[in-house]
Amino acid sequence: MAVTVLIPTPLRPFVGGRDALEVEGGNVGELLERLTGEHATLKPHLFADDGRLRSFVNVYVNDRDIRQLAQRDTPVKPGDTISIIPSIAGGTAASVGAQRAAPLPSKAAPVLSHEEILRYSRHLILPDVGLDGQKKLKAARVLLVGAGGLGSPAALYLAAAGVGTIGIVDFDVVDKTNLQRQILHGTSTVGTPKLESAAARIHDLNPNVRVEPFETRLTSENALDIIREFDVVADGTDNFPTRYLVNDACVLLDKPNVYGSIFRFEGQASVFYAKRGPCYRCLYSEPPPPGLVPSCAEGGVLGVLPGIIGSIQAMETIKLILGVGEPLIGRLVLFDALKLQFRELKLEKDPDCPVCGRHPTITAPIDYEAFCGIGAEPSYDGAEITAEQLKDEWARNPELLVIDVREPHEHAIAHIDGARLIPLGELPDRLGELDGHREIVTHCHHGSRSLKALEILKAAGFSKVRSLRGGIDAWAVNVDASLPRY
Ligand SMILES: [Zn+2]
């Protein structure tokens, strides 16, 4: 009897682009075995070399985590839905259940001016907000980690709602490619620091809001000092080291961490509040190895998606401040934009969680780059070539083979004349087309996939391979200005 296995976006390339498969099996283990038997390239993403299920992948039967059931022996029956939920950078023994609202520690209520009473009138006439609620919002201090895709709607709605102090941690500069989704910034602020751009927009929207800028990367050294001063943290980061750092710092300081992450057309949101439920580490005890899950910069993201997930973060933040409704604690919301479908999974606190469990081993921020395997990446000394060098060498040696490992839809945007398109995913099967005696240069968009291609070629015995540093973008900047950049 077949059950439905839902395949998340990052894993769809390994099952022929399908979003759901019907698979036969009596329990979860049998299903996954059959699934990875039929789709061999999926296997390394689900299972480690020793055969155990990777810990950055969670499997649910309907809305229950199999770790809370019988693990791989969890029985399944026709009509069940199996979800595979990998962590995206971009998100267990007491059952948590539905959480009741509980207010954050109370503070002295500030006074509202006549201007503020008029401005917030639609809140003031809402019984669940009212004058008291509006004063709580004014007294509240919310920290946004990142002023990008998720931070943009969160900052705008929190400012509009009258959150008194918004801290923002960001060290980036507004780039034109940000504007497709980062609605906090505008064409007129391209090239300026995101913090300046954000502060100007927030002050225009609501001059009553105080913006506290932190022009820095959040690090193990500064995270506790920064986060300590805030009531709620909204995590809008796009990388795993910062996700784990924000999580651990919030657990150590007893702060709620309003989580959101996005990939292509899919988003996740939750509230991690270790005092009252699970934390991010209870959900994913370890991050995926670098490179296994593509980033938004590589994989793309629909511009509206962070608008929806970031708005959910703003909503949850406001609910926590007001102490109304049922917060998203102990629940993971999954949003599929293509189907316009929300699903909800139960999250459990892990009694053995290294940071929020009964016997925590993490009692201070750790080295998150090392934890996420970054920095352990191989060195590519001598394996790269610059765009100018490639131009000169190619002119002297027309036999040089340039391989474009991007996807066909990227090739359609811009391509280097004379380069041969072999998408990275097809490369292992198409090695036979290549002449091992020729000099080979791989290239992609920015120079990271081409390094993976280089590794594949080297492992297959190709010795004269280099990768174009900076990819076609560097080529467009330094060699051929007629190419559009993207
Ligand atoms: Zn935990």
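This structure is a prediction, so every number in the text was calculated from the model and none was measured.
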Answer yes or no: is there a donor N or O on one side and an acceptor on the other, between the side chain of [X] and the main chain of [Y], under 3.5 Å?
{"X": "Asn62", "Y": "Asp80", "result": "no"}
{"X": "Asp473", "Y": "Gly470", "result": "no"}
{"X": "Asp367", "Y": "Glu369", "result": "yes"}
{"X": "Lys255", "Y": "Arg228", "result": "yes"}
{"X": "His203", "Y": "Ala199", "result": "yes"}
{"X": "Gln180", "Y": "Thr177", "result": "no"}
{"X": "Lys319", "Y": "Glu326", "result": "yes"}
{"X": "Ser197", "Y": "Pro193", "result": "no"}

Once ring-ring contact (aromatic ring centres under 6.0 Å, His included) is applied, do any residues pair with Phe335, and if so which ones, sequence neighbours excluded? Phe342

Provide the closest heavy-atom pair for [X] versus [Y] in the form atom of the first, atom of the second, distance.
{"X": "Pro306", "Y": "Arg181", "result": "CG-CB, 3.9 Å"}
{"X": "Leu320", "Y": "Pro256", "result": "CD1-CB, 3.8 Å"}
{"X": "Ile168", "Y": "Ile202", "result": "CD1-CD1, 4.0 Å"}
{"X": "Leu21", "Y": "Leu35", "result": "CD1-CD1, 3.3 Å"}
{"X": "Ala314", "Y": "Leu158", "result": "O-CD2, 3.8 Å"}
{"X": "Asp63", "Y": "Lys346", "result": "OD2-NZ, 2.7 Å"}

[X] and [Y]: side-chain donor and acceptor closer than 3.5 Å?
{"X": "Tyr244", "Y": "Glu286", "answer": "no"}
{"X": "Asn247", "Y": "Tyr284", "answer": "no"}
{"X": "Thr242", "Y": "Thr237", "answer": "no"}

Rounded to the nearest 0.5 Å, what separates atom [atom1] in [X] from atom [atom2] in [Y]?
{"X": "Ser450", "Y": "His445", "atom1": "OG", "atom2": "NE2", "result": "11.5 Å"}
{"X": "Ser152", "Y": "Gln182", "atom1": "OG", "atom2": "CD", "result": "5.5 Å"}
{"X": "Ile227", "Y": "Leu253", "atom1": "CD1", "atom2": "CG", "result": "6.5 Å"}
{"X": "Gln268", "Y": "Ile262", "atom1": "CD", "atom2": "CD1", "result": "11.0 Å"}
{"X": "Leu305", "Y": "Phe265", "atom1": "CG", "atom2": "CZ", "result": "9.0 Å"}
{"X": "Tyr368", "Y": "Phe240", "atom1": "OH", "atom2": "CZ", "result": "15.0 Å"}

Strictly below 4.0 Å, N to O, side chains only: are [X] and [Y] in salt-bridge contact?
{"X": "Arg281", "Y": "Asp248", "value": "yes"}
{"X": "Glu316", "Y": "Arg331", "value": "no"}
{"X": "Asp231", "Y": "Arg141", "value": "no"}

Beyond-backbone contact of [X] with [Y], side-chain heavy atoms, under 4.5 angstrom:
{"X": "Thr192", "Y": "Val173", "value": "no"}
{"X": "His185", "Y": "Arg201", "value": "no"}
{"X": "Asp336", "Y": "Leu334", "value": "no"}
{"X": "Leu179", "Y": "Val190", "value": "yes"}
{"X": "Ser83", "Y": "Arg343", "value": "yes"}
{"X": "Asp65", "Y": "Leu345", "value": "no"}
{"X": "Tyr120", "Y": "Asn206", "value": "yes"}
{"X": "Ile85", "Y": "Tyr60", "value": "yes"}

In chain order, what residues pass the salt bridge (Lys or Arg N to Asp or Glu O under 4.0 Å) check against Asp19, with sequence neighbours excluded? Lys339

Can you confirm whether more than 12 heavy atoms, excluding those of [X], are under 6.0 Å from its [atom1] atom?
{"X": "Asp49", "atom1": "CG", "value": "no"}
{"X": "Arg52", "atom1": "CZ", "value": "yes"}
{"X": "Phe47", "atom1": "CZ", "value": "yes"}

Between Arg264 and Val301, does a side-chain contact (heavy atoms from CB on, under 4.5 Å) hold up when you go through it step by step? CA-CA 4 Å; Arg264 291 199 171 162; Val301 61; 5.9 Å; no

Please test Thr442 against Lys452 for side-chain contact (heavy atoms from CB on, under 4.5 Å), starting from the C-alpha separation and ending with a verdict. CA-CA 9 Å; Thr442 57; Lys452 288 181 201 156; over 6 Å; no

Evaluate the salt bridge (charged side-chain N to carboxylate O under 4.0 Å, His left out) criterion for residues Arg210 and Glu212: first the C-alpha distance (whole Å), next the side-chain angles of each, then the deciding distance (0.1 Å), finally the verdict. CA-CA 6 Å; Arg210 230 163 65 87; Glu212 288 187 10; 2.4 Å; yes

Could you check Glu196 against Thr189 for side chain to side chain donor-acceptor pair (under 3.5 Å), going step by step and ending with a plain yes or no? CA-CA 9 Å; Glu196 275 178 31; Thr189 58; over 6 Å; no

For Thr165 and Val209, what are the C-alpha separation, side-chain angles and deciding distance, and is it a side-chain contact (heavy atoms from CB on, under 4.5 Å)? CA-CA 6 Å; Thr165 306; Val209 176; over 6 Å; no

Side chains of residues 5-18: which donor-acceptor partners sit under 3.5 Å, not counting sequence neighbours?
{"residue": "Thr9", "atom": "OG1", "partner": "Glu266", "partner atom": "OE2", "Å": "2.4"}
{"residue": "Arg12", "atom": "NE", "partner": "Ile7", "partner atom": "O", "Å": "2.8"}
{"residue": "Arg12", "atom": "NH2", "partner": "Ile7", "partner atom": "O", "Å": "3.1"}
{"residue": "Arg12", "atom": "NH2", "partner": "Glu266", "partner atom": "OE2", "Å": "3.0"}

Mind checking whether Tyr280 and Phe272 have ring centres under 6.0 Å apart?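 When the ring centroids of Tyr280 and Phe272 are compared, they turn out to be within the sub-6.0 Å range.
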
Assess the residue pair Arg485 and Ile472 against the criterion (side-chain contact (heavy atoms from CB on, under 4.5 Å)); give the C-alpha distance rounded to whole Å, side-chain angles, the decisive distance to 0.1 Å, and a yes or no. CA-CA 8 Å; Arg485 296 176 67 196; Ile472 193 173; over 6 Å; no

State which residue, out of Val59, Val3, Leu69, fulfils the side chain to side chain contact (heavy atoms under 4.5 Å, CB included) condition with Val28.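 Per the side chain to side chain contact (heavy atoms under 4.5 Å, CB included) rule, the option paired with Val28 is Val59, out of Val59, Val3, Leu69.
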
With side chain to side chain donor-acceptor pair (under 3.5 Å) as the criterion, how do Tyr486 and Glu410 come out once you've worked through the C-alpha distance, each side chain's angles and the decisive distance to 0.1 Å? CA-CA 9 Å; Tyr486 68 99; Glu410 296 178 83; 3.0 Å; yes

